[in-house]
Amino acid sequence: MRRSSNRKSSSASAAAGSGSTKAASKEFEKIDHLFNVYADKSSAIIDPEGIEQLCSSLEVDYTDVRILMLAWKMKAQKQGFFTLEEWRTGLKALRADSMSKLKKALPELDKEVSRPTDFLDFYSYAFRYCLTEDKQKCIDIESACQLLSLVLGTQFGPQVDKFTEYLKSQSEYKVMNMDQWMGFYRFCNEIPFPSLENYDSDLAWPLILDNFVEWFRENQK
Amino acid sequence: MNAQSQSQSQSQRRKNFKIEAFKHKVELDPKYAERTWKVLEHAIHEIYNNNASRLSFEELYRSAYNMVLHKYGDKLYSGLVATMTAHLNKIAKSVESAQGGLFLEKLNHKWADHNKALQMIRDILMYMDRSYVPTSHKTPVHELGLNLWRDHIIHSPNIQARLQDTLLDLVQRERTGDVINRGLMRNITKMLMDLGSSVYQDDFEKPFLDVSASFYSGESQQFIECCDCGSYLKKAERRLNEEIERVSHYLDAKTEVKITSAVEREMIANHMQRLVHMDNSGLVNMLIDDKYDDLSRMYSLFKRVPDGLSTIRDVMTSYLRERGRVLVTDTERLKDPVEFVQCLLNEKDKHDKIISTAFNNDKTFQNALNSSFEYFINLNNRSPESISLYLDDKLRKGLKGASEEEVEVVLDKVMMLFRYLQEKDVFEKYYKQHLAKRLLSGKTVSDDAERSMIVKLKTECGYQFTSKLEGMFTDMKTSEDTMLDFYAKQSAELGDGPTLAVQILTTGSWPTQPTAACNLPPEILTVCEKFRTYYLGTHSGRRLTWQTNMGTADIKATFGKGHKHELNVSTYQMCVLMLFNSADGLTYREIEQATEIPALDLKRCLQSLACVKGKNVLRKEPMSKDISEEDVFYFNDKFTSKFVKVKIGTVVAQKESEPEKQEMRQRVEEDRKPQIEAAIVRIMKSRRVLDHNSIVAEVTKQLQSRFLPNPVVIKKRIESLIEREFLERDKADRKLYRYLA
């Protein structure tokens, strides 16, 4: 039996080197400098407050999905915090070492994430990013709904709306797990909406989706 | 003479003579042939004129022989043909002229004559038959005679149709009740057969079948309008038998199957649906009223036609299912589960008898019965509980005094119902509960009957099903032995204390009960502790917990005027009563505090001691029927009973209450989860990769002897196993699951 892991599997973006050679530190000088603008002085980590400031500098909302994309690019482990390593990783991959360059990089990032292979990775990252406790495997329904809107809202608006409506109205499921999270994305991609033509509950769809489809069909009448 | 004179002239020299062949030539001149023929022709005439006795067989045979020998076979043969033909034409006229009923007789008569004549002619012409006929490829005499008869008599224009009509008319008359000359008919049909089966078929059989078909078509239509099903079937059977008899008396045997299938088609096949569904007299009514004769008749008649039996079977099945469905959803009836099950058993018995008596023990019908029962018994999810309660009733008192065979019969019948259950695990839970109560209260009518039932369950469901049940029996026996040993070893120390009888129950085997200990009276406590010490002495490492919610006590009580009674009470009741040894009156609260019996149980206990007529050893103030927490209780000095031994039962519900039922159902569902998971893991371990539907099918198959798993529950368990990383979804094909080692 495999042990559960929060570690992200390998993705397309390059991992940052960790050696502190003269060349490396020269390379990261500006990036580090930018880091220190937002980092907390004592912990040397950007905390939620710092992120808020970062957001206002970038002129995006705190809850904007692009922050999540940024976190993904950085491979940030803990929600609400960026370490120096993570900062370096992200900004190097984005080829940004100043605020203006970072601002310009965001739309590019948006496009990159939208590529199907990258999006799948981003999508599953989004879920794991919300697992704040150590052995946590599920996120509560409320948060799941918000996350879905954030991450899939533009691409699959109608499905997300209906699904979140369903989730909020039912009481059987209080949390969602990774399997169900990934199942929903597959659902959006494979099943035409709102006809739900080729949905077959005898196949291996997660039960929560079977229930959603049933609820949806009932409400259609 | 030449020879002599020759030899005479040479007698001096040698006695030498030769014998030469007789060279006298017998010339058969044509005139001779003609003359010979005339002799024969005359003979034929005489034969046909019944004057054969004057003829010499020898001479005629020789004449015929000579003609053939001298190559006049052609003349002889063609002469024969011509002569016979002439005679037959005469006969035809004679037959044609016969009036009415004499027609057939004449025909028959002439036929007999013809056959006799033919025989004689054939004998006379036997040499020709054997030598000339084969070489010239002519028809042999006998056959020739038959063919000529056929062509000139039977197929004569004035005879052919008349013959057919006459025959069919006679059959029709017989069918409508007249008596006809069967012997004559026999001869005629035999004649047709002798002339060739195609003659029989074309001239008689085919029209016979056609006419019969329309006759029966009409008759069946008539009957079905005015008869009820049973009467109709009787008529159909009668007609069928009639036709069979007709064939045996005067038709060719091969006609039987053809006429019977015509009757079957017209009278049965064409009206099957209407008969079976007939109001007030159809199949269903017959089943309800146990009309064995009618049912048996229907079975044997319908068996003859295609889809006949399946028609009966289908109607029976849908009737049974509906009847069963009504039975199991009748809420009134369900209030008494023992009655309910008895009803089911009666239905089974009734229909078993029908199938064995009227349906020839047909296996397909037996299967239909079984599948119907299986269908409706599972419509009601309380069936498992009801069956267990029925058994409980029988084993407590119902089978009292019954012989071993009678017991076996009852148990076997109940086992048949058990086999129909889908939720056998629910039955197991209830059976365990009821068995426990029976064993502990000693209220079983026969130990052998109990064990016999266990054996039957084991045979049906395997060892696992019954291992815990058997454990209960073992505990009872062991407890007996333990008590004997306890008293043997401890008798000195126990002295005058109360006598204890302990039943030690192994926790895993018995149904779990929530235990709430209460305060036992000191005397009891003492002896209990002595037992505990003794037991733990021989079984260290075990833990004993007194189950005060079970158990009974026998108390000797003295009432006013010195009336002594022995009271048989529950443990709780005993605790309450013993308090009154040191106080005449106690409030509810005081009793509650002293005994620490849970409120619900305490109320029931006090109610049974103070509010039941004839058992009120306590007196309550106020005298209301219910127990309130403000009540005060007094020892009832004035208690009387005509019995010395008084049993005071606790006011208790025998059947489960709603909340208890819910709880039981929940426990069953909980128990099923691990079983389903174990099945999934077993399957995935051996198959490695499998799609969803196959898993569901396999799991269902593996668990079918215990219960029918819900596919939704199976899916949930799979997801749970995915979460716990026993399984994963295949990355390439999301429809598959993969086992994770």
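The chains referred to below are lettered A, B, ... by the order of the sequence lines, with proteins before strands, and numbering in each begins at 1.
Other residues, nucleotides and ligands place no more than 12 heavy atoms under 6.0 Å from the NZ atom of B/Lys701. Other residues, nucleotides and ligands contribute at most 12 non-hydrogen atoms within 6.0 Å of the CZ atom of B/Arg687. Within 6.0 Å of the NZ atom in B/Lys348, the count of heavy atoms belonging to other residues, nucleotides or ligands exceeds 12. Under a cut-off of 6.0 angstrom, the local environment of CD in B/Gln464 is sparse, with at most 12 non-hydrogen atoms contributed by other residues, nucleotides or ligands. Within a 6.0 Å radius of CZ in B/Arg419, other residues, nucleotides and ligands contribute more than 12 heavy atoms. A 6.0 Å sphere centred on NZ of B/Lys432 holds more than 12 heavy atoms belonging to other residues, nucleotides or ligands. Dense packing is recorded around CD of A/Gln170, with more than 12 heavy atoms of other residues, nucleotides or ligands lying under 6.0 Å away. Atom CD of B/Glu374 has more than 12 neighbouring heavy atoms from other residues, nucleotides or ligands inside a 6.0 Å radius.
Contacts of residues 173-182 of chain A with chain B at a heavy-atom distance below 4.5 Å involve A/Tyr173, A/Asn177, A/Asp179, A/Gln180, listed in sequence order. Proximity to chain B among residues 149-166 of chain A is not found for any residue, judged by heavy-atom separations below 4.5 angstrom.
Heavy-atom distances place no part of B/Asp691 under 4.5 Å from chain A, backbone and side chain included. Neither the backbone nor the side chain of A/Asn211 comes within contact range of chain B, judged by heavy atoms closer than 4.5 Å. Using a 4.5 Å cut-off between heavy atoms, B/Val696 does not touch chain A at all.
A donor-acceptor contact shorter than 3.5 Å is absent between the side chain of B/Arg729 and the backbone of A/Gly183.
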Open item on the list: Walk me through whether B/His692 and A/Trp205 qualify under side-chain contact (heavy atoms from CB on, under 4.5 Å).
Closed with: CA-CA 9 Å; B/His692 186 81; A/Trp205 294 103; over 6 Å; no
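Listed here is the closest heavy atom pair of A/Cys138 and B/Glu723: SG-OE2, 4.2 Å.
Annotation: the span from A/Leu207 atom CG to B/Glu719 atom CD amounts to 5.5 Å, rounded to 0.5 Å.
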